[in-house]
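Remember, it's a predicted structure, so these values are computed and weren't measured experimentally.
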Amino acid sequence: MQISPLYNTPINWANKTPFFLHSPSYLLINKPNRKLFQSRRRSQYFNTSKSNISRSGVFFKGMPCDSIAKTSGGYGGGDENGSLRNFKLNESTFLASLMPKKEIGADRFIEAHPQYDGRGTIIAIFDSGVDPAASGLEVTSDGKPKVLDVIDCTGSGDIDTSKVVKADANGCIQGALGASLVVNSSWKNPSGEWHVGYKFLFELLTGTLTSRLKKERKKKWDEKNQEEIAKAVKHLDEFNQKHSNPEDADLKRVREDLQNRIDLLRKQADVYDDKGPIIDAVVWHDGELWRAALDTQSLEDDSDCGKLANFVPLTNYRIERKYGVFSKLDACTFVLNVYSDGNILSIVTDCSPHGTHVAGIATAFHPKESLLNGVAPGAQLISCKIGDTRLGSMETGTGLTRALIAAVEHKCDLINMSYGEPTLLPDYGRFVDLVNEVVNKHRLIFVSSAGNSGPALSTVGAPGGTSSSIIGVGAYVSPAMAAGAHCVVEPPAEGLEYTWSSRGPTSDGDLGVSISAPGGAVAPVPTWTLQKRMLMNGTSMASPSACGGIALLISAMKAEGIPVSPYSVRKALENTSVPVGESPADKLSTGQGLMQVDRAHEYIRQSRNIPCVWYEIKVNQSGKTTPTSRGIYLRDASACKQPTEWTVQVQPKFHEGASNLEELVCFEECIELHSTEKTVVRAPEYLLLTNNGRSFNIVVDPTKLSDGLHYYEVYGVDCRAPWRGPIFRIPVTITKPMEVKNQPPVVSFSGMSFLPGHIERRYIEVPLGATWVEATMRTSGFDTTRRFFVDTVQICPLQRPLKWESVVTFSSPTAKSFAFPVVGGQTMELAVAQFWSSGIGSHETTIVDFEIVFHGIAINKEEIILDGSEAPVRIDAEALLSSEKLAPAAILNKIRVPYRPVDAKLSTLIESRDKLPSGKQTLALTLTYKFKLEDGAAVKPQVPLLNNRIYDTKFESQFYMISDTNKRVYAMGDAYPNAAKLPKGEYNLRLYLRHDNVQYLEKMKQLVLFIERNLDGKEVIQLNFFSEPDGPVMGNGAFKSSVLVPGKKEAIYLGPPVKDKLPKNAPQGSILLGSISYGKLSFAGEEGGRSPQKNPASYRITYVVPPNKVDEDKGKSSSTNSKTVSERLEEEVRDAKIRVVSSLKQDTDEERSEWKKLSASLKSEYPNYTPLLAKILEGLLSQSNVEDKIRHHEEVIDAANEAIDSIDQDEVAKFFLHKSDPEDEEAEKMKKKMETTRDQLAEALYQKGLALMEIESLKGETAETEGTKDLFEDNFKELQKWVDTKSSKYGTLLVLRERRRGRLGAALKALNEMIQDNGDPPKKKLYELKLSLLDEIGWDHLTTHEKEWMHVRFPPSLPLF
């Protein structure tokens, strides 16, 4: 996910390529300007490789016809890979290049078999969502609906519609947020029950579309705001002309109020933040189907548009295949699906143009533009949205699982998935297990992108490049694509693999890439983009190209009565592909080559009577049972120094349900084994293979090989049908590294020549003791700008490949330096590639000299743990390679606080979308955690067991939401949590886990979760080093730096942080995290070594926060109590009675009556006791659902007066005239008592003032109009004597006072300041007051905006997962 670049955004070639020598011949114009993609650097989908600024694809030369291909009965040769020496575009070839089909033989196949254009096949598109209104996705070539279903598998568009209401006599219902909605009288609803819910529009839209809408809405809002500012300025000018120099205090206040209004409007423009309009949703059952309608009035300028009653009701898309558009402004298509008996409404939108583009490549049909058709225009599709809009467009485990369920339910033939990420373990995980079931039992063919992390080897991503059941596709570009789609002026002479296309092998030796297909196209995109189509490139585009080609094959197989099996189809594809490149090792880039539909069809026809079998390969080194791999991958130097023997187990796999007697018993094949290089890889000559499988040994001898990359295969051929070609293959990849012998350890590669798309690979055994590299790249011999990818990869056990990458642009011959970490003793691949279009048209060769200098400081412990004690940690440092400067630096800059759940709820998900193909129902565990922030901070939830893995985990999915006490959601996330800025306050975090195994979920009911935050600059702790073990305590022996000499160790001591430097709010058991480094870059400045993160080799450091120090005052006896035991007992009894009266409920009349009796009894027993009277006032205020409100407020005033009268105000005032001695214990006690009394007095005055205002409001008149004394004003002035009435605690009364006087501007100003200063969670009453003030002033645009924000701050319920 965010940690790896497995996809790119679109590339704006027209603006970014500096090497055009003349204009291209043809250009497709979308809207006024040509819109092409610039690449992205997140991994959720494999759309275009590394950024055009960072990375964008380069070509990699693929492999030629070798001995394996020659056995395929003539299907492996030819020149259909796009080789065009004298390439020239015309209009038709230009248009055809935008949607490449010739490269894979699809055009030839459809020309020969026009009825086999994908008809009868259904493709499930696992992606970001497909727009059913997009150009080319309306119907198939034979007139059938193109899109059969549109599903949001993530739940990001789900609305809680469990609230049921009834219509009144006027046909009106109350929406979920209280709006009055008119239902259409023609809608059938036998039950009369209407399910209501709501959704913020922006929660459904992509970031790009949201930005566009915000810009449009802001423009309109600004116009209205400027109108109001103009009015306010006019009113002020009129007042100034009438009162040029007002001396009267009231006139001054009026002028101040007018100025406040202007200031408020201007400030509002600065702080404007648009959360978007709200959609009301209504769901009902019409007697036959669940239907839904939306009220979108808030999206429209015309109040008559978007009304609920005018909406054409929709049902689940698969039933009627109808969709809607929110408004003309957004032009965004949506689909509605109803679940859970009307309690959940799913509004389905796409979260990126990616999915529609992918679907268009595979299946688009343009009746008037056949050259722009997708590969299989006759195929139908279902859209399974796996990209979660709440997470940008990242896939989730829930989305993946539900997508598989939907694909099986719809009886799909194919799945295309252009998403993925790096993996810890290949061919492993919950999703892979489910895919295996879908492929083996339900016979779906799963096609997926291999990834965009090339050009280095072992960069294929999961699941496409790492899973045995999935056909992983690499990205290929032909000269026609380069000239047409990419608009280069001089295309390459031959078709090549894009350089950024990920390479195999996997870490367990599997090939990684199965086949290749065109990796770029100008294809349909959603209507909200305001254009028909655009260019994207990446393995995301190669996968649907291959998938469309396979749909043609399935169409033919069904028409010709040939059983469809993923096993036979894959074998046909791999054995008929055209090799790309010049060496066997190019298979690691292109797989078996560029797929050819027509040849694969002939192969399938010829093998229609061959059993549908997949050959599972398991390889172990002889004498070892673990690890088990799918190929042989000798990467390290030690593995290349002697021959090794390997045991290969070949296990035929039939589809589930195969007949024991007719298929399994009868299965027997005589296999002739071949090695592509017998001097290196030796294998037996023959093998008799039965259903129960067979093992054999092979010997690999790399000892005589030269340094570098070598690729071989052992493959089996059916003796009785050699035309079938290899029926199984055992890949053998050897990367024999060069040994670094010179001292100091320096490696130089001089005179490397580069042309566009060329890649140089070097393999180096990183010396033991090396921890980082300083490298220099020098270029010469070229004219125009050159762009290079520089990648290094190391593979360590049970880790994702350790990859470092850089994109370097040279505008002129010069040198550039890099530094990156390495692991000693492991082979490092250095891959240097010139970007495929960089330098095209120049014909100048770029000469590169690359120098690598290894550095390293070996230490006795990589991860340092400080246990919270005062003892330092001893670190032994040693330079094994050459002299190094030991300049240690360590900081602690993060804190993690652990939490256990306060609640755990396990439930069964009963909906069909959560029922697995096996029949098992998915379970959900919801864990609730509570945490509090004393100050605002950016926090990141961490669950070490689950984080950073989606595919290589046995757990299905996870999702979390962080909300405040008002239910406002501040953050959402999944396996890859992001930091979210939270204000001070209390929060709930709900963690949602899914699996079908209840035992797994039961074990996680007490799952520990960490809340992580970065320490502020002043909180960051710089740790100290010492040369003596007692240094931290004695304060001497500080260590700064020294020079390490090879062969001699040096010990240093890392001291713990000083206890009083620990950050506040770091409870016992918390963990402080940071980093530590030991060396310093040779080209770093003075500041370079002080921050460990700036050094290429840094390590994690952890400090466990110890128990807090014991409070010295705790346990000390207080001064002698002068009260007798009898007096103290009476006080305890009195206080106990007060606690009882405070705890009584007052929900019913009977309870309120009991409370009043007890209160009256206590008042007579303890007359004028202020704490009691304060509690009685508090009890009155807690009463709800009071019928006689005026009487209730009068009771509040009476209770407040009693509390006020019980206090000797003169005594309190006199006390605060003098300062008390903080050393005097009795004086401090008296101070606390007086402060409490003062607060009780202020609270009584405050509540009295509120009650007086409520009575005035209810009666509709003020005390002044009655000719009596102004009680409110008198009470307010009394309150001013004791507290700051502008404070957040008492400011409401000031706001009401200003409003009462007609100074609405001053009232709003005071209210805004009070809201801003209030550190607690927002109080709904304050914002309701603000709304009423805005409404009273008449600022409708601000009222509308504030109403939208009210629903953000105070939602009625938490959203669904």
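- Between Phe334 and Tyr323, a ring centre-to-centre spacing not shorter than 6.0 Å is recorded.
- A salt bridge does not link Arg217 with Glu223: every distance from a Lys NZ or Arg NE/NH1/NH2 to an Asp or Glu carboxylate oxygen is 4.0 Å or more.
- With values rounded to the nearest 0.5 angstrom, Thr1343 atom OG1 is found 11.0 Å from Glu1336 atom CD.
- No donor-acceptor distance shorter than 3.5 angstrom exists from the side chain of Trp221 to the backbone of Asp274, with no hydrogens or angles considered.
- Using a cutoff of 4.0 Å between basic side-chain nitrogens and carboxylate oxygens, Glu1298 and Lys1309 are not scored as salt-bridged.
- For the pair Glu203 and Lys199, the salt-bridge criterion is met [side-chain N within less than 4.0 Å of a carboxylate O].
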ring-ring contact (aromatic ring centres under 6.0 Å, His included) assessment of His1351 paired with Phe200: CA-CA 9 Å; His1351 301 311; Phe200 282 89; 7.1 Å; no
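- Glu1278 has a carboxylate O that lies under 4.0 Å from a charged side-chain N of Lys1281, or vice versa, which qualifies the two as a salt bridge.
- With rounding to the nearest 0.5 angstrom, the NZ atom of Lys215 is 14.5 Å from the OG1 atom of Thr210.
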Could you go step by step and tell me if Leu213 and Leu205 meet the side chain to side chain contact (heavy atoms under 4.5 Å, CB included) rule? CA-CA 10 Å; Leu213 293 182; Leu205 308 182; 3.4 Å; yes
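- Within the 3.5 Å criterion, the main-chain N or O of Lys967 finds no donor-acceptor partner in the side chain of Arg1353.
- Between Pro132 and Val335, the shortest heavy-atom distance links the atoms CG-CG2, 4.2 Å.
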Is there a side chain to side chain contact (heavy atoms under 4.5 Å, CB included) between Phe239 and Val254? Walk through the geometry before answering. CA-CA 9 Å; Phe239 178 88; Val254 171; 3.7 Å; yes
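- Residues Arg1299 and Ser1332 bring a donor and an acceptor atom of their side chains to less than 3.5 Å of each other.
- Note: Thr206 OG1 to Trp528 CH2 = 3.5 Å, rounded to the nearest 0.5 Å.
- Using a cutoff of 4.0 Å between basic side-chain nitrogens and carboxylate oxygens, Lys1286 and Asp1284 are not scored as salt-bridged.
- Taking CZ of Phe1354 as the start and OG1 of Thr965 as the end, the distance is 9.0 Å to the nearest 0.5 Å.
- Across all their heavy atoms, Pro526 and Ser352 have their closest contact at CG-O, 4.5 Å.
- Counting non-hydrogen atoms of other residues, nucleotides and ligands closer than 6.0 Å to NZ of Lys1347 gives a total of 12 or fewer.
- One finds the CG atom of Leu1294 at 8.5 Å from the CE atom of Met1314 (value rounded to the nearest 0.5 Å).
- In summary, Asp250 and Arg1303 do not engage in a salt bridge, as defined by a charged side-chain N under 4.0 Å from a carboxylate O.
- Under a 4.0 Å N-O distance rule, the pair Lys252/Asp248 does not qualify as a salt bridge.
- In Lys218, the NZ atom is crowded: over 12 heavy atoms of neighbouring residues, nucleotides or ligands sit closer than 6.0 Å.
- Leu1342 contributes atom CG, which lies 9.0 Å from atom CG of Leu264 (distance to the nearest 0.5 angstrom).
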